[in-house]
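Proteins get letters first, then strands, A, B, ... in listed order; numbering begins at 1 in each. Not measured: the values here are computed from a predicted model.
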Amino acid sequence: MPDPSEDGDVLVRAEGIVKHFPIKEGIFFKHQVGSVQAVDNVSFEVRRGETLGLVGETGCGKSTLARCIMRLFPLTAGRLTFDGADLSTLSRSQMRPYRRGMQMIFQDPYGSLNSRRRVGSIIGDPLAIHKLASGVERRKRVQGLMEVVGLNPEHYNRFPAEFSGGQRQRIGVARALALHPKLIVADEPVSALDVSIQAQIINLLEDLQGEFGLTYVFIAHDLAVVQHVSDRVAVMYLGKIVEVADVKDLYATPRHPYTNALLSASVVADPDQARTRDRIILSGDVPSPINPPSGCRFHTRCPKAQPICSTEEPLLKRGAQDPSGHLAACHFPVADGEKLASEKATILHTVEGFLAEAPT
Amino acid sequence: MTRFLIRRIVLGIVTLWVIITLVFILYYARPGVDPARELAGRAVTPQLLANLNKEYGFNLPVIVQYWNYLKRLVPWPGVFNLGISNNNRLPVTTIIAQAVPIDISLAVGSAVIWMILGISVGVLAARRPRSLWDRGATVFVLTGVSMPTFILGLLLLYVLYYLLTIHGIAIFPKPGSWTPFTQNPLEWAHDLILPWITLALITAATYSRLTRSSLLETLGEDYIRTARAKGLSERRVVYRHALRSSLTPIVTQFGIDLATVLGGAIITESIFGLPGLGLAVVQAIQVQNLPVVIGIVLVASFFVVAANIVVDALYAVLDPRVRVS
Amino acid sequence: MSLSTVEAKASEVPAEDPAVKGIQGRTPLQLVVARLRTDRVAIISIVVIVLIVALAIGAPLIAAITGHGPTDTNVDTGTDANGQPLPPGSAGYLLGTDNLGRDILVRIAFGARVSLLVGVLATAIATIVGVVVGLFAGYYGGWLDSILARIMDVVLSFPYVLFAIVLVSVFGSSLELTILVIAFFSFAAIGRIVRGQALSQREKEYVEAAHSLGAGNLRIMFVDILPNLVAPVIVLATLLIPTAIIFEATLSFLGLGIALPTPSWGNMLSDAEGVGFQAWWFYIFPMMFLLLTTLAFNLLGDAVRDALDPRTERIFAGRRKKKPA
Ligand SMILES: Nc1ncnc2c1ncn2[C@@H]1O[C@H](COP(=O)(O)OP(=O)(O)OP(=O)(O)O)[C@@H](O)[C@H]1O
Ligand code: SF4
Ligand SMILES: [Mg+2]
């Protein structure tokens, strides 16, 4: 699959990443009775300088995958290379030097900043941990960072509680930038913010990408945001990546039925397009990641499911008419112009029509 | 539920075993200790030492001694044996059996007072937060938690016994009075009234605080608001609904307090000269009567561990959430 | 505008708001101090504590001025013509003398040293140990937590006067042992709270953020989590001081704490009890100082809790370790 000649371009390579959380039970001695298969056999790559968007419904394992990339916990299985180094099995202390190259921005601008520490010490924390600067030097660098992200450097001594949500997220960005990382994993960095502020933070992230040559893994459940920021997009369902493609291919010709459903359900940037697309309603609930369906994990809800889908797991592969980077894991990929059946489509049309007319 | 109980009981047994072992190490196997010498206490003679060494097998390897010590604690008639007091050569079990009725009397009477007093003060305070009642309750609680038991005991003795008696009003009995319930219930209560008050006043403070805070919390919850909205009288809301669900922390506290008093209210008994387990252990320590000290420590520990298990079980019945964790 | 409204606003309003400028860079500690300064009860208790500390520090000075050492039996002036102790207000003896002719004022002052030393040192040790144990248990979880939490539960639920006197009877009474024993039975009160808080704090995103920056476990525990626990720890520590003071007085009262003739408030009272009630001043002064001290610390503890978190209800919130029955 990945072209070896491109290897110099690849910053992160994930091969068969598995993360299962054990479920334990027992009166005295806990034993494992099962596991949450949060991420199951996922492979992808992140190229230098690009933004890889990661979308999927809540609970599909996006955050878990982000934490796998950051190696915030041991992987159950799989191989993870970052900038040529194999991080798959490194211990917590062995990981430390590599953390300089990879940083994370968190979803919750409140919870992710320690409310008992001053902003200066929060942003300077990575410099202190990696013993890169101290005293006046650290202060200067921190104030420089504050300026870069659009904070007033004079607020160095304030506590996070004295800032608004957007400003706090800027603090988080400054902290992530402090070590000049190559990769920034942003786990829903704007979903906790007001829409007006979301745009500011996204613009900031885009500016910084150009300025510092950053590579982003950008997680969101808002397809519009992902479409806006990403070069490529990966779609997750129940612990698996089901489709990955360049952003325009994915949005124009989604191959996986689940991607189609997701796109049809979201209000995409172009309202005309949104209205012309039939809304596909998925029947049933998302199955439990403790006991996922056999074969294709989507078969319990897929409008195109066939017997083979429940027995044989489809692999990520390129369709005949697709460009090289467009992969989908489906036995029966959706063809160009194909409409997916949905019983409730008509009802939904009316609802959507109603919504479209409602003042925004 | 059964799993939860099994877990608790096993943990209780483990706790008891740890304590038993610690006591063994402390008294018999601590470096540099001569257990026969310690056991003999003040009245040491070479003959006694020899007897003790033989009886307890102190010349045997420590592990064998430990095994014998454990064996004697198996709660089975004919096996269970806490040894013999150095003072009067009575079996320690007999001494404990004589003392326990006093502790039961002390516990029962004071518990009734402290529950009634503590809970009513707490309810009064919670029904009208920030009122004069509440402030009074505050003073009551603060004094209660700041007051050492022996000071309250001495104060009560001084004012209610000494001052009244020297002015010819001898209402309260002198310290050291004790009449078994079976002999004369009225006399029994009369002799115990001051110790009861002492224990109860000190303990009630905690219950007032617990009642008030947990009642305030429940009164703020939705279903209570619903009950109010349905037009139930305030009395009914407070007593029928809110108080009942505030009981959980109170029950927990009660079990542990009761067990502690049962295992010997050391200070109260010392001040009022009541020959319960508490006084017995203090006196035994003063004359180094080791078998009695160890016996009482083990019995008191047993009460506490047992009370913890009962409380946990009750807790699980009252509040299903704890079973999960 | 009151300070609490300022703080409440600070969390909602963007930093440009001029109202927020006023408190820029104010640490939570500064806010607490500012709130305490407006609290009359807090100020009174601080004044009382300062006076008692001054009494303790100035004890040798009082001895020098009166010319009576704490253990001097002032054979010539300390008793009246019949060899009876002097009542308060006698020439040269402000608070009178005890049955051996010792100056009660001087003994009270030296007793304050013991009480404060034991109270503060035992609390300090208990706090440090409790914080470390609680952090490790709560942060690491798993079997380490199971063991540590169980130990703390056992220590907390134990009839600790009984165990304290057992330990003292084995190792002999001394100031150091008294402090250690008190610290041992108090650390669990702090440890359990810290553990609970650490358990919830470690799930916070800021901990994950620190991890992703490359911070080690120790750094996360002590640099990131600990500052978030300062508030409850300060409150508990303030409330542990009076508990430790009461504990020491109780042990000394039972003759198992500070050994005579070194004065402590507890052993002065046990001395007095041996004499009887005729000389009321033997009792009243040690009692008064003991109560005043414990009350002041308890009031201060509540005021600090109030200042740290104005939402919690004064006094009643939280479960405090109880004192011996
Ligand atoms: N530490 C954990 N222990 C057990 N299960 C976990 C843990 N973390 C996540 N999970 C489970 O793994 C699955 C994936 O969770 P994850 O947080 O990765 O989803 P997500 O895609 O980020 O969702 P969201 O959009 O809500 O953030 C969920 O079922 C979740 O309950
Ligand atoms: S493999 Fe089958 S079930 Fe899975 S998405 Fe494709 S068509 Fe649907
Ligand atoms: Mg997530």
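The local environment of CZ in C:Arg37 is sparse, with at most 12 non-hydrogen atoms from other residues, nucleotides or ligands closer than 6.0 Å.
A:Asp187 contributes atom CG, which lies 11.5 Å from atom OG of C:Ser212 (distance to the nearest 0.5 angstrom). Put simply, CG on A:Leu72 and CD on C:Glu208 are 5.0 Å apart, with the number rounded to the nearest 0.5 Å.
In this structure, no portion of A:Arg100 lies under 4.5 Å from any heavy atom of chain C.
Here the shortest heavy-atom pairing between A:Arg96 and C:Gly216 reads NH2-CA, 3.5 Å. Contact between A:Ile129 and C:Ala215 at its shortest, heavy atoms only, is CD1-CB, 3.5 Å.
Panel note: side chain C:Glu205, backbone A:Phe106; no donor-acceptor pair is recorded below 3.5 Å. Formation of a donor-acceptor pair under 3.5 Å by the A:His130 side chain with backbone atoms of C:Leu213 is found in this model.
Most heavy-atom pairs under 4.5 Å with chain C: of the set A:Arg117, A:Met104, A:Met70, A:Gln107, this distinction falls to A:Arg117. Between chain C and the options A:Pro126, A:Gly111, A:Ser93, the largest number of non-hydrogen pairs under 4.5 Å is found for A:Gly111.
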What side-chain donor-acceptor pairs closer than 3.5 Å can you find for residues 173-180 of chain A, not counting sequence neighbours?
residue, atom, partner, partner atom, Å
A:Arg175, NH1, A:Ser112, O, 3.4
A:Arg175, NH2, A:Ser112, O, 2.9

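For the pair C:Asp224 and A:Arg116, the minimum side-chain heavy-atom distance is 4.5 Å or more. Considering only heavy atoms from C-beta on, C:Val207 stays 4.5 Å or farther from A:Asn114 through its side chain.
At a heavy-atom cut-off of under 4.5 Å, chain A is reached by C:Tyr139 from residues 133-141 of chain C, listed in order of number.
C:Gln201 pairs by the side chain to side chain contact (heavy atoms under 4.5 Å, CB included) definition with C:Lys204, C:Tyr206, C:Ile225, C:Asn228, C:Leu229, not counting sequence neighbours. Partners of A:Arg99 by salt bridge (charged side-chain N to carboxylate O under 4.0 Å, His left out), not counting sequence neighbours: none found.
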